[in-house]
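Everything below concerns the one structure shown next.
Here the structure is a predicted model, which is why all the values come from computation and not from measurement. Residue numbers run from 1 in the order of the sequence given.
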Amino acid sequence: MPASISRFSPGWRTLGLAVALPVALVVFSPATFAADVLVVTDSRHPLKTVGGERLIELDEAHRIERELAAELPADPEQAAVIVKRRLNGGGGDLHRRIASAYQGVTDAWSLGITSIPAVVVDKRYVVYGEPDVARAVARIEQHRRTQP
């Protein structure tokens, strides 16, 4: 039997390609090569994310503070009571949002992020100014292949 003849019918080869190609695209996509992807931005710099990356919005804490301070009375004592009520009423979810927002700012600062948007891979590589996370990760992966 010649080597070019397959044991499977042409229909099975087509099915195999139809299954293998999408799987290969997912397995070898730039986002799956990176172990840890962190994206740093703010609300004025929207991004195209790929999913699975950690997103830090540097102005998130400020937005939460604005929510808490919305429509407060001029009297400082009354305002303090209302803010405390809002903080307590927000429960654990609000406290987690506040903690996460400030932790994100701390993490970005500790990594030395100098401008946004920034896509950081493995806390070692960064691409600035690219709003498409997949493209930024692909650039990093290309660099890693040429500079191991």
Side-chain angles (χ1 to χ4, degrees), residues 1-72 79 82-148:
M1 173 157 54
S4 63
I5 297 178
S6 172
R7 299 179 343 155
F8 301 107
S9 70
W12 282 104
R13 281 189 299 237
T14 304
L15 177 62
L17 251 177
V19 172
L21 187 59
V23 170
L25 290 174
V26 169
V27 170
F28 297 113
S29 74
T32 58
F33 285 150
D36 181 32
V37 178
L38 174 69
V39 180
V40 182
T41 191
D42 65 12
S43 60
R44 294 173 297 170
H45 295 87
L47 297 169
K48 181 179 175 190
T49 59
V50 293
E53 65 275 335
R54 178 178 170 214
L55 179 64
I56 294 174
E57 290 189 11
L58 295 176
D59 58 350
E60 178 68 16
H62 181 69
R63 289 197 312 264
I64 295 169
E65 290 171 5
R66 278 198 327 256
E67 288 174 25
L68 292 171
E71 300 178 23
L72 290 176
I82 293 171
V83 169
K84 285 180 186 177
R85 189 177 318 129
R86 289 176 182 175
L87 281 167
N88 291 333
D93 183 52
L94 176 61
H95 293 270
R96 279 188 291 281
R97 283 180 55 212
I98 293 169
S100 177
Y102 282 108
Q103 184 62 55
V105 171
T106 302
D107 291 347
W109 178 79
S110 70
L111 287 170
I113 300 302
T114 58
S115 64
I116 54 176
V119 177
V120 182
V121 172
D122 295 337
K123 296 181 183 175
R124 185 172 174 196
Y125 304 95
V126 64
V127 171
Y128 290 106
E130 175 58 66
D132 186 325
V133 175
R135 247 187 288 170
V137 171
R139 287 178 57 193
I140 291 169
E141 293 303 329
Q142 181 182 13
H143 172 77
R144 288 170 85 170
R145 282 191 295 274
T146 61
Q147 306 287 324

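- Side-chain contact between Ile116 and Glu57 is absent, with no heavy-atom pair separated by less than 4.5 Å.
- Annotation for Val50 and Ala134: closest pair CG1-CB, 3.4 Å, computed over non-hydrogen atoms.
- Here the shortest heavy-atom pairing between Glu130 and Pro117 reads O-CG, 4.0 Å.
- Taking CD1 of Ile98 as the start and CD1 of Ile64 as the end, the distance is 5.5 Å to the nearest 0.5 Å.
- Panel note: side chain Arg86, backbone Leu68; a donor-acceptor pair is recorded below 3.5 Å.
- Looking at heavy atoms from C-beta onward, Ile56 lies in side-chain contact with Leu38 at the 4.5 angstrom threshold.
- Here the side chains of Val121 and Asp36 are not in contact, with every heavy-atom distance at 4.5 Å or above.
- Two residues are said to be in side-chain contact when any heavy atoms from C-beta on lie closer than 4.5 Å; Val120 and Ile113 meet this criterion.
- In this structure, the side chains of Val40 and Leu58 come closer than 4.5 Å at one or more pairs of heavy atoms.
- Of all heavy-atom pairs spanning Ile140 and Tyr125, the tightest one is CG2-CB, 3.6 Å.
- With Asp59 contributing its side chain and His62 its backbone, the two residues share no donor-acceptor pair below 3.5 Å.
- The salt bridge (Lys or Arg N to Asp or Glu O under 4.0 Å) search around Arg44 returns Asp42, not counting sequence neighbours.
- The nearest pair of heavy atoms linking Ala61 to Ala101 is N-CB, 3.6 Å.
- Here the closest heavy-atom approach between residue Val133 and residue Thr49 is recorded as CG2-CA, 4.0 Å.
- With contacts defined as side-chain heavy-atom distances shorter than 4.5 Å, the pair Lys123/Leu111 qualifies.
- Using a 4.5 Å heavy-atom cutoff, the side chains of Arg139 and Val119 are not in contact.
- Summarising the geometry of Ser43 relative to Arg63, their closest heavy-atom pair is CB-NH1, 3.3 Å, with the distance given to 0.1 Å.
- A 4.5 Å side-chain heavy-atom check between Leu94 and Asn88 finds every atom pair outside the cut-off.
- Among pairs with a residue in residues 90-102, those fulfilling side-chain hydrogen bond (donor to acceptor under 3.5 Å, both in side chains) read Glu65-Tyr102, Glu67-Arg97, at least two apart in sequence or across chains.
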